[in-house]
Each structure stands twice: as structure tokens, then as C-alpha cells.
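One structure is given below, encoded as C-alpha cells.
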Amino acid sequence: MTDLSVKFCGVKFNNPLVLASGILGLTAASWRNVVKNGAGGITTKSLWLAEHIGHENPVIIANEHYMLNAVGLPDAGIEKAEEEIGKYLGWRLHAPLIANIVAGSVGDFGKLAEKIARMKPHLIEVNISCPNVEGELGKPFACVAGDSAKVTATVKKSLARAHAKIPITVKLSPNVENIVEIARACVDSGADALTVMNSVGPGMAINIETRSPILSNKCGGLTGPALKPLAVKYIYDIHRALPKTPIIGLGGVMTGADAIEMMMAGATLVGIGTGVYYRGVEIFKKVVEEMHVWCKKNGVKKIEDIIGTAK
Amino acid sequence: MTDLSVKFCGVKFNNPLVLASGILGLTAASWRNVVKNGAGGITTKSLWLAEHIGHENPVIIANEHYMLNAVGLPDAGIEKAEEEIGKYLGWRLHAPLIANIVAGSVGDFGKLAEKIARMKPHLIEVNISCPNVEGELGKPFACVAGDSAKVTATVKKSLARAHAKIPITVKLSPNVENIVEIARACVDSGADALTVMNSVGPGMAINIETRSPILSNKCGGLTGPALKPLAVKYIYDIHRALPKTPIIGLGGVMTGADAIEMMMAGATLVGIGTGVYYRGVEIFKKVVEEMHVWCKKNGVKKIEDIIGTAK
Amino acid sequence: MNNFPNSVRIKKIVKLTPLVNAYTFDYPKRAKPGQFVNIWVPGVGENPMSIAFDDGKSYTLAIAAVGNTTKELAKKRVGNYIGIRGPYGTNFSWKRGQKIAMLAGGYGTAPLYFAAYLASRENCKIDFFLGGRSREHLLFSDKIKRLKNTRFFPATDDGSCGFNGRNVPCWEIQLAKGEKYDLIMACGPELMEKAVSDIAHAKKIPAQISVERYMKCGFGICGNCCVDDIGIPTCKNGPVMDNKLVRKIKEFGVYHRDSVGRRIYLMKDLTKL
Amino acid sequence: MNNFPNSVRIKKIVKLTPLVNAYTFDYPKRAKPGQFVNIWVPGVGENPMSIAFDDGKSYTLAIAAVGNTTKELAKKRVGNYIGIRGPYGTNFSWKRGQKIAMLAGGYGTAPLYFAAYLASRENCKIDFFLGGRSREHLLFSDKIKRLKNTRFFPATDDGSCGFNGRNVPCWEIQLAKGEKYDLIMACGPELMEKAVSDIAHAKKIPAQISVERYMKCGFGICGNCCVDDIGIPTCKNGPVMDNKLVRKIKEFGVYHRDSVGRRIYLMKDLTKL
Ligand SMILES: Cc1cc2nc3c(=O)[nH]c(=O)nc-3n(C[C@H](O)[C@H](O)[C@H](O)COP(=O)(O)OP(=O)(O)OC[C@H]3O[C@@H](n4cnc5c(N)ncnc54)[C@H](O)[C@@H]3O)c2cc1C
Ligand SMILES: Cc1cc2nc3c(=O)[nH]c(=O)nc-3n(C[C@H](O)[C@H](O)[C@H](O)COP(=O)(O)OP(=O)(O)OC[C@H]3O[C@@H](n4cnc5c(N)ncnc54)[C@H](O)[C@@H]3O)c2cc1C
Ligand SMILES: Cc1cc2nc3c(=O)[nH]c(=O)nc-3n(C[C@H](O)[C@H](O)[C@H](O)COP(=O)(O)O)c2cc1C
Ligand SMILES: Cc1cc2nc3c(=O)[nH]c(=O)nc-3n(C[C@H](O)[C@H](O)[C@H](O)COP(=O)(O)O)c2cc1C
Ligand code: FES
Ligand code: FES
């Protein structure tokens, strides 16, 4: 059997597949259910410092071609985070927990990171790239290299102050023209790793009988299997520019072959979110099995050997 | 029967469906074949001033989720354009011809526009947005408002000098963060219309057995039904900002409902390119038929009545 | 795989009770009792609604006007468009000829009426315990009465119709008289369902219970409807669940989560749990 | 609908002629004679190649090493990966028992050998007119000889094997002797095919001809292989076309278009046309 385990910023994962933030990510019980279905690690729904109301329904629409979502990052705030993270870690499952955090200001990112760090998740994912949440400039932080760097530096500083040695990964947006420049700015400001990529767009779908945009937020993040080439290209470019920075690659992964493609582009961990819609929560077991079959057929002993080997 | 005819910059189209540039667009005979299959108008493959070699094969790969192309804008230059455009117009078909032009410098755009104008196509589409062709800044003109404006102004000036009253539409790229700003810059510099949008990305696909990017150009423009929400969103935003500027809307249109959705977002003409892959060249007849059925069921007498009516 | 709303024109609107209207519209997909659809009122909102009836061509939904989406819906006329997607979730199931006790409350009556209509035609014997505030709030009572093989046990808080009290005690009287049931079905307020779950568990009678949680997607992605501690989404692995599974739901009858995932306790004093 | 290359390992390589190697590999889809695949040599290029044989499990292609992709391919060993997508395009077809004349030249022999192999087993009577420069350049001649119901008429420019001259004049001798054919198939250099098309048309004998053009996608999108003046793509509506359609192709035997769409004339003096 091929060894599918990987090390990510010193944290061991039994297989490289992690649940993407925002899918089945609200409660410890739900995280455990996803681990039971084969995930190597879990990313929480984006956590805020305080309660944050999401958008009215409809918030998610999908067909055989794509999914559009504008859930609006709803969250009950820090107390609930503490309950759920504590509960999950208490079960001592072998699937590391990545706490995804989001904030409306650079300062809040620092405060939130510090509080979350106390709960000792294995990693913190800094979500500066949600297409529906805008920073001061009316654009997500991830769209401006300077903002991305400032958030990264602030989070690292507040973790250092709290003597928390939890690695952070900064989640980048695909909706930029200079993703390598932004990636470099984050790494130079202390990011231990990068998560590539958040949803594309935003896009819009209109119901033609009622002539109304369907999502209550009118537009939303675009995801699905057709967006994978964008993620592969970004991971490929970023890995070449920053070969030493580990990457969580995600965006349209549906099969074992997709996960292997993403790892060859340069990803160490591979996220799956919208894939749960197309193949059910069992997708993690299915993809792990498909990776085993491919590795056996192609003589790959350790999955880590294929990382970044695309020509 | 619903009246599907539309007027675009004074040019009458029997139905709003036009062949997108780059698909079956090399020869007059091919354009006529597409018209025979129901298209209301034809856009030529991008035309250069002089011969331009494209990329080696593979240049187009596609599966049920998406298409990636890096054909590399091959063209035989102005003499061939003259032959084919002259031949097509000589057949007096009722489907207007949109000559799509591309150049590597602002000056060449002007020269090319003037020469093409002499052939009297019905419209000129200025392609400043091919993801695989970069201007001086290493980015397509369409990615910089200033460049887009300069090209537009230069083309308008050279057409005026040649006393050619051919309307021009500027083709925008989706790979920007400020498409409305760029649209406005083009219209302020004289663009009579806008074509929204070119392919997304570029993206990459890697063959995992040989660990090689499949396209000879490694990456290419991403198209397919899943990209439609991006086009709908851009058209929706641009139409609200510039309600008087007619739009050729394209990007992932596969069905009558898609075309209607795009018109409700704000498009007057609807382009179809990758749809020929998923539904064959007969897609034009099929979509026209589907639009008739929908209009009848929903009491729409004239298709122009639905343009820009999305809430 | 298409989870976009289908625009359907309302064909018929019937006022069932002061609060509840029955909306009928043609729909291309068939449904089973217990399943639900998301009903979208453009520009206002979208909410899950059980299917009250499927006649093979059209659906009927029984919708109480309680908040801003359902109140907006109540203004709609026949011929207006609404958006429907689904059917979603699991359904009640039974075997030919079974003796079934159905405990229904509030709009929970809708799916159980639909089940009773079908099961009574497969010569199941049905005891239908319908609870509600008062006579006028008993949903579909006339239709239930007309079903063959069906004994109708209305129960009203104010005694204006049938048993004066809740439907569960009314059912317990039958149990005490020695009535034997092969299957129990419950759909209505959670505390009523909790009581049914406990009794069925104690008496080892198979039971199916409709577990409803705050829903957003309706197809197992957003996670808002996941229940502690088994963590499964009730929109996909429910709403109708076997009582054996319901017994594993720690939060059942205790709390649910609102639209930001915060715990909301059914009864204040249960917060210590 | 999947037009990504499949990575296949070369199973067998056989040198057929000084220029042509036969490559065999397992492939999950079945092919008909006249259809082609795109063969991809990673990092080098991709080109269309007719299927020389499909034994129900693997394909065999007969590839002449002429340019940089095919020369790079010639360096490949058994066990190496190559990329294959397809099969694309139309195929030769016949009815049981027909008397068929096959005119083959160069690598065009491959699809016609495949057709002869199958048709001869449906007791068609085949006259196979195989043309080539010299004996050693005649592709599959030993295999063709061994086919039942098949008369083999080799024709070499240098007379080193069979008729001393081109295969069309050799065929015309048979026609002059009163040979009657129900069907003609032609695949090889365009001028040879043009001659066959003219004769078949004049004698009103049904004919199928493989029209090859410079190809990029192989599935009817890029337009590079569209022929004047009917404008249809030969990768999708061909390569095998009925002679009635071929007669409408103004450019057939006159010119084709290169990779930038420029007209390339087969014979200099035809440019006036
Ligand atoms: C599986 C299921 C089936 C249902 N079937 C019916 C039915 O047949 N008839 C009927 O009248 N009602 C039914 N409901 C309840 C219905 O969804 C709510 O009454 C409706 O959402 C109220 O929405 P509103 O915007 O009008 O009011 P709001 O003011 O938004 O909410 C009023 C109450 O309705 C509930 N609610 C609101 N939104 C949701 C949601 N998205 N998901 C779940 N609960 C919500 C909450 O408890 C809330 O306190 C069902 C709920 C579920 C989960
Ligand atoms: C439908 C079809 C079936 C074919 N079957 C066979 C076969 O069974 N065996 C065989 O050896 N060859 C076959 N060919 C020709 C084969 O495609 C070319 O020999 C091959 O592409 C040469 O490529 P290269 O890069 O080695 O040489 P290059 O130097 O690139 O080209 C050499 C010549 O090959 C032709 N050619 C090159 N690229 C293409 C292309 N993409 N499409 C069409 N022609 C091209 C051109 O005429 C060119 O002048 C077929 C061509 C077509 C269109
Ligand atoms: C319904 C939904 C909700 C999401 N919520 C979040 C979120 O809260 N935080 C975040 O960083 N990303 C969020 N994402 C983005 C995903 O984490 C992921 O980056 C993206 O969907 C691409 O991966 P996929 O194609 O596997 O879904 C969400 C995506 C979807 C579809
Ligand atoms: C194979 C291919 C070639 C293309 N070539 C061109 C081109 O030469 N010039 C251009 O402006 N756009 C070109 N495009 C972009 C299309 O015109 C269109 O903008 C894009 O594909 C979105 O529309 P669609 O989804 O209907 O294909 C090409 C697209 C494809 C798929
Ligand atoms: S409602 Fe989204 S998972 Fe159940
Ligand atoms: S090769 Fe592209 S259309 Fe035929």
C-alpha cells in the first residue's frame, strides 16, 4: 500500500485530503462525521471574533456545471468556536484541525488569531479572500498585496506575543492579476504556508421567468470541477516562485487523479469542498482509494514524492 | 412567432446569436456553413496585419466540465482576410460579419483597423483580451484601463481618417479586478459597443502519467458552461454602469435559457463558441428554437423587450 | 443534479386554517411523504416546506404565514411564479397491511396526511392522532376523516374538537387499552416528537420521526442542519429518520442551531445539559 | 465527451518499411476503418494518425517518421507512455458481399488494410491496388496477400514489385477488362484520390474517399480543416466522405490550408483556379 501520509508545517496528516472551509464545517460533530468518511484533516467554517449574520436564503445553488454560493460567512463568534474546537480536540481523532479565521479589519485578525491560538488547533488558515466580504478598499484583502502582507504580519505578531507556535496558512483569492506577487508578500510577512484558492468571481445566475438574480446576495463565489485548471495554474506558478512554501491546493477536486494533478503542480495538502456536492461526503474515501489505485499502477511508494514534479 | 431580430449599432441581425471569434472562423465557406446552421451573425477568427504563427498541437483540450485552448491566434494576415471577407460579403447572406482584429502594439491596431474597414465588414471587434497574448506590460491590453482606452482611441481615429463609418466593439477580458472601470475607459475613448467576455484564466491541465502540462503552451484560456455566471455578472454590472452601450455577451452559452439570461443581464447580441463543442454546430438552430418556445410560453413578442430587464 | 429553483405558476390556493394556505402547482418530479422542497419567493427569501400531497402531476404545500417570506408568499395569487427546488430528504415508509399510529401537529400534519392517503390504499390500518390549538387549526381534518382504514383522533388544547388535550396523551389512552401498532410515525413540534420517540423506544415499537433543523442549502453542503453528536445533515439523512438513529441525536428535543450555528434551547432550563 | 489525451504504454513496435513503424497499444474505445486518433508526444507535439488496426483490445498505428513529432515518436521504446485521444471522424462502410476496389498509397494503406480485413470476412470481393515508390515501401503487402476474397495488385514507381507505375492506371486496366465494382475506396496522396474521384464519378460507381487536411482540435471547433466552398470540417464530417460530397469540395486536389489558414497549392500552376 502506498504511504499517503504527508507532513505540513510539521503537522502529520494520514492522507493529504482536507475538508475545505465552509462545507459541513459548523460543528465538531460534523467535522468528526467528515473524518469518518475518510478526510485526512478538517478546516472549520470561517470563524469571526463576534456573531456575524450571513445572507438570507437562497445562499447556495448548483447544477451539473457549477455551484454558486453567497452564504455570507455566518458564525456565532468566539465562544462557540471554543466549544466546538475543544470538543473536537477532546476526541483525539488523528485528523488535524485547521481553524479558518476571518475579520473585517487588520486589527481584528490579530485579536481573533490570538484567541483561536489558545484553543490549540493544529493550524490557522487566514481567510483574506472571500469574494463576498470586502475590506476598506471595497475589495477583499487578498486582492491587494499590501493588505495581505499587513494581515499576515499582524497575525504572526499576535501569535508570537501569545507564545503560540501554531503555523499559519494564508488563503489567497483567484480573482487577482498578480497572485504570485501577493503570495510572495504574504510569505515575506511570515506566512508559513499558503492556501490556493478561494472561490472565483463572484458570478451571477438569473432566473429568467422572474427575471431575478437567484442568490439573495445577487452574486456569489463560483466553484466546481470546471474551475480546477485555474487552481492548478496558480499552484504551479506559486510553487515555482516559492518552492519552499507548502501549499494547501483546492478548487474543483473531484477524483484521485485531480488530487494527484494538484500535488504534482505543487500542493502538499489537497482541499475538497464542492466535491461533497457532486460525490457525497464519501468523496474522501473514494478519492483516497483512487489515489491508492493510481499510485500502485504507476509505482509511487510515497505520495510526498510526487509533490511539485510537474514539468 | 416571436420577433427575434435585434439592431446592434444600427446593424440588423435576424436573431441575436453570433458565432464567437476563434470557433470555425477561418474561411468564408466555414462562416456560411455556420450561418446555414442558424447563426444570426458571424465573428471572424482574430485577424492580424501579417502572418502570425500559432502554437504547436495540442492547442485545444476539452472534457464534460470545461475546455482549455491556447491556439495562439494563428492567422495568414491581411491578404487572406481580404479574400475571405470579400468572398463572404459577395454571397449577400443576411448574417452580418463582425471582423475581429488583434495586434501586438497600439499603432498596429490602428493600421489594421483601417485596412479591415476598407473591406466593409458590418462591425469591427477589437480583441484586446486574449489571455495568451501580452502587450508591453506583459499583460493583455484589456487588463489596463489606460491601454484599453489608447487602443480604442487609436482605432476610432484611424477609421475616421479613412471615412469608415463602421461601428467598433471592444472585447474585454474577465481576468481583471475592475472591468466596469475598463469598460468605461473604452466607451469614453469612442467604443460604440463592448464584447463581454473573452476566456478566463489562463488555466492549466497536467497529464499525471507523463507529469506534463498537456497544452503545448502549458496554459490556455478556460471556457465552458461553468463560466457563464462570470459573464452574466460582468454584463449585469457593465450594463448598469453604461446603460446606453450595446453589449455582445458571451461565455458559456449552451441553451435558449442561457441566451435569454444573458440578454436580461444586458446583452443585445449573444455569442456562442464553446457551445459548438457541447451541442455541435447545429447549436444555433437549437438555441433559436428554444428561445421561440420560451418566448411563446412567457408572452414575449419582441426579444429586444427583454434586454437588461433583470432586477 | 440540478438544484436551481424551477419557476412554477401557482395553480390553486385554498385557505385551510386562519394561518395556513394550501398552494398547488404542477411539478415535473415526483415526491414521497416526508420529503420537502425549498420554496423561493424572489427578492424575499427561501424556506423548506414539506410536500403535503403529490397527485402524480402537481404538488400541494400547506404553508403557515409566520415570518416575512411566508407572509410575502401569502400575498401571491393564482398564476404568479414561485421558485421550487427539490424534492429533498428522506421519506416515511411502511409495509402493506401494517397497523400504524400517526402523531401529527401543526404543519407536521401535511406529510402524515400524504402518508395516510397512500398507506390506507395499501390496506394499512391507521390511527391518526391530530393535535392542534383548536378545531379551526386542525389541518386536513375533513380529508383525514374520509380516508378508509383510518380512525381519526383529533385532540385540541381548548377541547373544541375531540380529545381535550395533546395528541400524545390521547394516543397513550389507546395504548393503555391494548392497541398494538407495527409502526409509529411522528411529525410536528419537536417536544411532541420527543415524547413519541421516548414511548416508542420504551415499548420497542418501530418508529419514524421527522427531524427538522434550520436549513440553507437542502442538499448536504452548508452544514447548518447537522445534529450533535452524530454530525449528519438532517436535510440529506433526514428529515425522516428511524427512531434508532433519532435516539443517538443528543440535541433532539433539547436544542437546535440557528442561522449562525448558535445553540437555541427548546426549554430554558435545559441549557445545563 | 472526454477529449483529453489518455496515457497509454506502447505494447509493440514493428518496423514496416524504412520510414514506417507500426505501434500497438491497448485502448478502451473501439474504432472503425478510416477513423483517426490524435497522438501526443509530451513536450513535442500532437498529430492525427489513422487507425491501422483495432483487434477489439488494442490499436495499431502505422506512422511515417517525417517531421519532428513523428521523428521523436520513432525514438520511443515499448513501455513508454504516449497520449492518445479519439477515435475521431467518419469511416469506410460497405455491404455484405460487395465487389470493392481499394486504391491505397503511402500511409493511406493502413485504414484500407483494416477495411479489407473486415470486409473480406463479410465475403466482399476485394481488388486491392496498392501503390508505392518501391517494393520495400509497400505497407502491409504480406498481410493483404493473405486476406481471403482479396486480389492484390501492387504497383511500384520503380517496377520492383507488381505493376510498373501508379496504382490508378493499374486499376484502369482492370476496368477496361470489364471488371465491375459496387464500391470504390481511396486513401492516400490527394492527387491519387482526385483521379479515383474523377473516374468513379464518370463511371457513376459509388466511392468513399479519405479527405485529409491540416488538423488541430480533431473535433470540429478550430476550423483549420474546413474545406472550400462547403465549409465543413473534415475532422468531423470526414475524413471519409462520399464522392458525391467530395465533388462539391472546390479545393479537393487543388489546394489545402496550412496551420495559419493560408492556401497551399498542390501543383504550382493550379493557383489560377
Ligand atoms: C424540513 C422542513 C419542513 C417544513 N415544512 C413546513 C410546512 O410544510 N409548512 C410550513 O408552514 N412550514 C414548514 N417548515 C417551517 C418553515 O421552513 C418555516 O416556517 C419558514 O422557514 C418560516 O420562514 P419565514 O421567513 O416566513 O419566517 P422567519 O421569521 O424567517 O422564521 C420563523 C421561524 O421559522 C423557522 N425557519 C425560518 N427559516 C428556516 C429555514 N430556512 N429552515 C428551517 N426553519 C426555518 C425558524 O424556526 C424561525 O424561527 C418546515 C421546515 C423544515 C426544516
Ligand atoms: C486524418 C489524418 C490521418 C493521418 N494518418 C496518418 C497515418 O496513419 N500515418 C502517418 O504516418 N501519417 C498520417 N497522417 C499525417 C500525419 O498527421 C503527419 O505526417 C504528421 O502530422 C507529421 O507531423 P510531424 O510533426 O512529424 O511533421 P511536420 O514537420 O510537422 O509536418 C510534416 C507534414 O505533415 C503534415 N502535418 C503536420 N502536422 C499535421 C497535422 N496536425 N494535421 C495534418 N497534417 C499534418 C503536413 O503536411 C506537414 O507538411 C494523417 C493525417 C491526417 C490529417
Ligand atoms: C458553500 C461554500 C461555502 C464556503 N465558505 C467558505 C468560508 O467560510 N471560508 C473560506 O475560506 N472559504 C469558503 N469557501 C471556499 C472553499 O473553502 C474553497 O476555497 C472553494 O470552494 C474551492 O474549493 P472546492 O472547489 O473544492 O469547493 C466556501 C465554498 C463553498 C462552496
Ligand atoms: C478554441 C477557441 C479559440 C478562440 N479564439 C479566439 C480568438 O481568436 N479571438 C478572440 O477574441 N476570442 C477567441 N476565443 C474566445 C471566444 O471568442 C469567447 O470569447 C470565449 O470562448 C467565451 O465564449 P464561449 O464560452 O461561448 O466559448 C476563443 C475561444 C476558444 C474556445
Ligand atoms: S441545509 Fe445545508 S447541509 Fe442541510
Ligand atoms: S481539426 Fe479543428 S475543426 Fe477540424
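Sequence lines set the chain letters: A, B, ... in the order given, protein chains first and strands last, and positions in each chain run from 1. Note: hydrogens, waters and symmetry copies are ignored here, and every other heavy atom, side chains too, is used. Given the structure is predicted, the values throughout are model-derived calculations rather than measurements.
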- Message: For D:Lys244, give me all partners under salt bridge (Lys or Arg N to Asp or Glu O under 4.0 Å), at least two apart in sequence or on another chain.
- Response: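 By the salt bridge (Lys or Arg N to Asp or Glu O under 4.0 Å) rule, D:Lys244 matches D:Asp242.
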How close do [X] and [Y] get, counting heavy atoms only, and between which atoms?
X        : Y        : answer
D:Thr109 : D:Ala104 : CA-CB, 3.7 Å
D:Leu139 : D:Ala110 : CD2-N, 4.5 Å
B:Ala76  : D:Gly261 : CB-C, 4.3 Å

- Message: Which residues pass the ring-ring contact (aromatic ring centres under 6.0 Å, His included) test with D:Phe140, not counting sequence neighbours?
- Response: D:Tyr113
- Nearest-0.5 Å distance that lies between atom CG in B:Leu222 and atom CG in B:Leu68: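 One finds 5.5 Å between CG of B:Leu222 and CG of B:Leu68.
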- Item | Region of D:Ile230 that comes under 4.5 Å of a non-hydrogen atom in chain B |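 Only the backbone of D:Ile230 comes within 4.5 Å of chain B.
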- Task: Any chance you could lay out the side chain to side chain contact (heavy atoms under 4.5 Å, CB included) test for B:Leu19 and B:Phe284, step after step, and finish with the verdict?
- Result: CA-CA 9 Å; B:Leu19 174 67; B:Phe284 295 96; 3.9 Å; yes
- Task: Among the options D:Ile82, D:Val260, D:Val44, pick out the one with the most heavy-atom pairs lying under 4.5 Å from chain B.
- Result: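 When all of D:Ile82, D:Val260, D:Val44 are compared, D:Val260 has the most.
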- Message: Which one wins on heavy-atom pair count under 4.5 Å against chain B: D:Gly231, D:Gly223, D:Cys217, D:Gly218?
- Response: D:Gly231
- By side-chain hydrogen bond (donor to acceptor under 3.5 Å, both in side chains) - contacts of D:Tyr107 (at least two apart): D:Glu212
- Message: Less than 4.5 Å to any heavy atom of chain D: does that hold for the side chain of B:Ile53, its backbone, both, or neither?
- Response: both
Could you please show the donor-acceptor pairs under 3.5 angstrom between chain D and chain B, with distances rounded to 0.1 Å?
| unit_1 | atom_1 | unit_2 | atom_2 | d |
| --- | --- | --- | --- | --- |
| D:Met1 | O | B:Tyr277 | OH | 2.8 |
| D:Asn3 | N | B:Ala62 | O | 2.7 |
| D:Asn3 | ND2 | B:Tyr277 | OH | 2.5 |
| D:Ser7 | OG | B:Asn207 | OD1 | 3.1 |
| D:Ser7 | OG | B:Asn207 | ND2 | 2.8 |
| D:Ser7 | OG | B:Glu209 | OE1 | 2.8 |
| D:Glu46 | N | B:Asn57 | O | 3.4 |
| D:Glu46 | O | B:Asn57 | ND2 | 3.3 |
| D:Arg85 | NH1 | B:Ile60 | O | 2.9 |
| D:Arg85 | NH2 | B:Ile60 | O | 3.2 |
| D:Met215 | O | B:Asn57 | ND2 | 3.0 |
| D:Ile221 | O | B:Leu24 | N | 2.8 |
| D:Asp229 | O | B:Arg32 | NH2 | 2.8 |
| D:Asp229 | OD1 | B:Lys87 | NZ | 2.7 |
| D:Arg257 | NH2 | B:Glu84 | OE2 | 3.0 |
| D:Val260 | O | B:Ala76 | N | 3.2 |
| D:Arg262 | NE | B:Glu51 | OE1 | 3.0 |
| D:Arg262 | NH2 | B:Glu51 | OE1 | 2.7 |
| D:Arg262 | NH2 | B:Ala76 | O | 3.0 |
| D:Arg263 | NH1 | B:Glu83 | OE1 | 3.3 |
| D:Arg263 | NH2 | B:Glu83 | OE1 | 2.7 |

